[in-house]
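Side chains are part of it too, since the values below use all heavy atoms of this structure and drop only hydrogens, waters and symmetry mates. Chain letters run A, B, ... following the sequence lines, proteins first and then strands; every chain starts at 1. Computed from a predicted structure; not experimentally measured.
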2 protein chains.
Amino acid sequence: MSSERGELLDAALRALSADPTATLSDVAAAAGVRRVTLHRHFGSRDDLLRELALRSLASMDAACEAAAGNAASYTAALRAIVEALVPVGDRFHFLWKLSAVWEDPQVAARVAEQNRELSVLVDHAKQEGGIAADVPNAWVLAAVEAVVFAALSAAREGNIAVNDAGRLAGRTLFDGFRPAPKRRRGKSH
Amino acid sequence: MSSERGELLDAALRALSADPTATLSDVAAAAGVRRVTLHRHFGSRDDLLRELALRSLASMDAACEAAAGNAASYTAALRAIVEALVPVGDRFHFLWKLSAVWEDPQVAARVAEQNRELSVLVDHAKQEGGIAADVPNAWVLAAVEAVVFAALSAAREGNIAVNDAGRLAGRTLFDGFRPAPKRRRGKSH
DNA sequence: TGCTCATGATACATTAATGTATCAGATGAT
DNA sequence: ATCATCTGATACATTAATGTATCATGAGCA
């Protein structure tokens, strides 16, 4: 009945993104183990947080690379990335919002690097007219993080279908809430 | 040099929405006082959280009522509410996301009531075609909370202009990131 | 059957945060 | 000048969370 580290980390991430004030006992309960088991696997609370941060970075890198691989345009790539990030939205949130994460210079540097790469992609999407030029890149990234995490949270709470979460996030960010307009050229969807 | 309770509460809300793990010493420092002064004004940490919740409820009620008062349509009213909620986005976030808030049945009931009222407004906006009918209400509310809080946070971090925050939030939610399309009827904007 | 490994239970020490009390000093009002 | 009020400084008790150690039990494997 040994617990896989990966399962423990996933459960820990889930618990902490839902409630950053959760104690190690709370986190352990969410993972189906006792607090002492967490200490055996990860050491201190700080050690656990750092490992969660590194794992989150890797997950986000993987999700972005897989999503953007063969997109037809930068805008399509960005939209695919948004949808791909929803299942790891808790990692995105963890990296951006949990203050303890920023204390580690290595983690902070890699988060900044990810944000630069996303920002470059936003620039390209603007150039091809997929994103309005007057929307600040910082806002685009902040809105993406917020909506991606909200979609994952809503799915986990059962408020939307898990299968719909990515699509709703992408649609909300690129089209907004309004009904889809009929396209000027070609058939309507 | 007595501190106004309102100022203390605003600073506390700011600090706790930015970092829910903040200690009372952290919160006091953000408010420009010492921890013991917080105890004198509010009693325990739980007492402070409860007062923050009640104040947040009042702020959100006031913002929604002021914004929706004379809108031309339900969709315009909802958009006005979104823009009006940005300056109190930390209260919205506090009420929705900080788990300690939910433990108080009175607070939980009033939050649920606010959500119902917003949901009714969303229904009306759908009926007049301002929001796509196939977007779940739960998602509309979740996305509004996420984007409103992201806009306030981005403004406070200096990533977007404070004056732009409400408009960017409203625009992102209703129009998405894309450039504004030319309208089919009437002059383009 | 016996051994290894992992976890739970339990206990305890340490650290951190919270809550309370008292005294000194500053400010504002009279 | 005096008094009232509020806050900071300081101290201390309490509570909660964390970190570490030991023993018992169960599962899996040879």
Side-chain angles (χ1 to χ4, degrees), chain A residues 1-56 90 93-95 97-104 106-107, chain B residues 1-56 90 93-95 97-104 106-107:
Chain A
M1 59 164 175
S2 86
S3 304
E4 296 291 336
R5 283 172 72 84
E7 289 168 0
L8 293 179
L9 288 166
D10 285 347
L13 195 53
R14 215 176 164 117
L16 285 166
S17 59
D19 180 8
T21 66
T23 66
L24 282 186
S25 289
D26 295 333
V27 172
V33 295
R34 291 303 209 237
R35 179 172 67 85
V36 177
T37 301
L38 283 190
H39 284 294
R40 285 194 187 109
H41 279 275
F42 304 107
S44 68
R45 185 185 176 101
D46 281 348
D47 293 335
L48 172 63
L49 292 179
R50 183 183 156 83
E51 190 153 350
L52 287 174
L54 294 173
R55 183 177 173 85
S56 296
D90 51 4
H93 184 76
F94 186 86
L95 290 170
K97 295 293 180 176
L98 295 216
S99 59
V101 168
W102 291 91
E103 286 165 17
D104 186 293
Q106 184 192 2
V107 169
Chain B
M1 58 167 184
S2 87
S3 303
E4 296 293 335
R5 282 172 71 87
E7 289 170 0
L8 293 179
L9 288 167
D10 285 347
L13 195 52
R14 213 174 166 119
L16 285 167
S17 59
D19 179 9
T21 66
T23 66
L24 281 186
S25 290
D26 295 334
V27 171
V33 296
R34 290 303 209 239
R35 179 173 66 87
V36 175
T37 301
L38 283 190
H39 284 292
R40 286 192 186 108
H41 279 274
F42 303 108
S44 67
R45 184 184 175 101
D46 282 350
D47 293 334
L48 171 62
L49 293 180
R50 182 180 155 86
E51 190 152 350
L52 287 173
L54 295 173
R55 184 178 173 84
S56 296
D90 52 4
H93 184 74
F94 185 87
L95 289 171
K97 294 294 183 177
L98 295 213
S99 61
V101 167
W102 291 91
E103 287 165 16
D104 186 295
Q106 183 191 2
V107 168

Notebook entry, point to check: Between L8(A) and L48(A), does a side chain to side chain contact (heavy atoms under 4.5 Å, CB included) hold up when you go through it step by step?
Noted result: CA-CA 10 Å; L8(A) 293 179; L48(A) 172 63; over 6 Å; no

Discussion item. Quick one, D10(B) with R14(B), criterion side chain to side chain contact (heavy atoms under 4.5 Å, CB included). Give me CA distance, side-chain angles, the key distance, then yes/no.
Written reply: CA-CA 6 Å; D10(B) 285 347; R14(B) 213 174 166 119; over 6 Å; no

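Taking CG of L13(B) as the reference point, atom CZ of R55(B) lies at 8.5 Å (rounded to 0.5 Å). Note: L9(B) CG to H41(B) NE2 = 9.5 Å, rounded to the nearest 0.5 Å. To the nearest 0.5 Å, the span separating CZ on R35(A) from OG1 on T23(A) amounts to 8.5 Å. The distance from the OG1 atom of T37(A) to the CG atom of L24(A) is 12.0 Å, given to the nearest 0.5 Å.
Comparing the start and finish of the helix from dT1(C)-dA30(D) to dT30(C)-dA1(D), five pairs each, the helix axis swings through 30°, to the nearest 10 degrees.
Side-chain contact between T21(B) and L98(A): absent, with no pair of heavy atoms (C-beta onward) separated by less than 4.5 Å. E51(A) has its side chain out of reach of D47(A): every pair of non-hydrogen atoms, C-beta onward, lies at least 4.5 Å apart.
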Whether each nucleotide of nucleotides 9-21 of chain C has a protein heavy atom under 4.0 Å at its base (B), only at its sugar-phosphate (S) or at neither (-) is summarised, 5' to 3', as BB------SBBBB

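Between the NE2 atom of H41(B) and the C1' atom of dT5(D) there is a distance of 11 Å, rounded to whole Å.
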